[in-house]
Amino acid sequence: MSDLPEIPMRAAEITVGALIDIYMRHYAGRDTTRLQRLSWWSARVGSTRLQDLTDDDVHGALESLSQQHSRYFAGNDADDKPIFRAKRKPLSPATLNRYNAALAAVLTWAIKRRVAPKGFVHPSR
């Protein structure tokens with residue numbers, strides 16, 4: 001018997017965060033950065049119900065992300081905790097596209113697996 005969670009059918013009330021969790025448990029791809037990007041999305045729109053997620057939510061989140069600067073690992077501090085320092089330039093358009101593509105993959109998966117309600121409009125397109 002599989003340890004994978006059951007995929008709900010037409011679950012309009014499911015939150016985006018719960019959908020991301022179910023998606024990641026079923027994810028069998030090789031992208032090691034997908035979890036990090038989807039964790040970012042979960043922190044931004046995770047409490048939003050799937051049926052209430054709009055293109056404005058996605059656009060607003062990506063706009064706020066575009067204002068952030070990328071960071072790099074600069075070693076560990078005295079307590080052996082990682083130190084990250086900000087770079088001077090904001091995130092590149094390619095990075096923003098990767099974040100959008102990660103959320104789009106979850107939403108497309110939800111539509112194909114019939115988790116999304118009938119007539120759900122894909123907000124990442």
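Heads up: numbering here begins at 1 and tracks the sequence.
No donor-acceptor distance shorter than 3.5 angstrom exists from the side chain of Ser42 to the backbone of Ser39, with no hydrogens or angles considered. The backbone N or O of Ala105 lies less than 3.5 Å from no partner atom in the side chain of Thr108, so there is not a single donor-acceptor pair. The backbone N or O of Thr33 lies less than 3.5 Å from a partner atom in the side chain of Asp31, making a donor-acceptor pair.
Residues Trp109 and His26 form a side-chain contact, since some pair of their non-hydrogen atoms from C-beta on lies under 4.5 Å apart. Side-chain contact between Pro8 and Ile22 is present, with heavy atoms from C-beta onward closer than 4.5 Å. For the pair Met24/Arg34, a side-chain contact is recorded, criterion being any heavy-atom separation below 4.5 Å from C-beta on. Within the 4.5 Å cutoff, the side chain of Thr48 has no heavy atoms near those of the Thr54 side chain. Contact annotation: the side chain of His69 never approaches that of Leu91 to less than 4.5 Å [non-hydrogen atoms, C-beta and beyond]. Side-chain atoms of Gln51 and Glu13, non-hydrogen and from C-beta on, do get closer than 4.5 Å to each other. With contacts defined as side-chain heavy-atom distances shorter than 4.5 Å, the pair Phe120/Leu50 qualifies. Side-chain atoms of Ser47 and Thr15, non-hydrogen and from C-beta on, never get closer than 4.5 Å to each other.
Taking CD1 from Ile83 and NZ from Lys81, the interatomic distance works out to 11.5 Å, rounded to the nearest 0.5 Å. Here CG of Leu35 is found 11.0 Å from CZ of Arg37. Values are rounded to the nearest 0.5 Å. Note: Ser124 OG to Asn100 CG = 4.5 Å, rounded to the nearest 0.5 Å.
Closest approach of Arg10 and Pro117 over heavy atoms only: NH1-C, 4.0 Å. Minimum interatomic distance between Ala86 and Tyr72 (heavy atoms only, all atoms of both residues): O-CE2, 4.2 Å.
Pairs passing the salt bridge (charged side-chain N to carboxylate O under 4.0 Å, His left out) check and including a residue from residues 50-59, sequence neighbours excluded, read Arg49-Asp52. Residues in residues 87-97 take part in these side-chain hydrogen bond (donor to acceptor under 3.5 Å, both in side chains) pairs, two or more places apart or across chains: Ser92-Thr95.
Within 6.0 Å of the CZ atom in Arg25, the count of heavy atoms belonging to other residues, nucleotides or ligands does not exceed 12.
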>> Walk me through whether Val106 and Trp41 qualify under side-chain contact (heavy atoms from CB on, under 4.5 Å).
In response: CA-CA 11 Å; Val106 172; Trp41 278 111; over 6 Å; no

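If you run side-chain contact (heavy atoms from CB on, under 4.5 Å) between Leu38 and each of Tyr23, Tyr99, Tyr27, only Tyr23 comes through.
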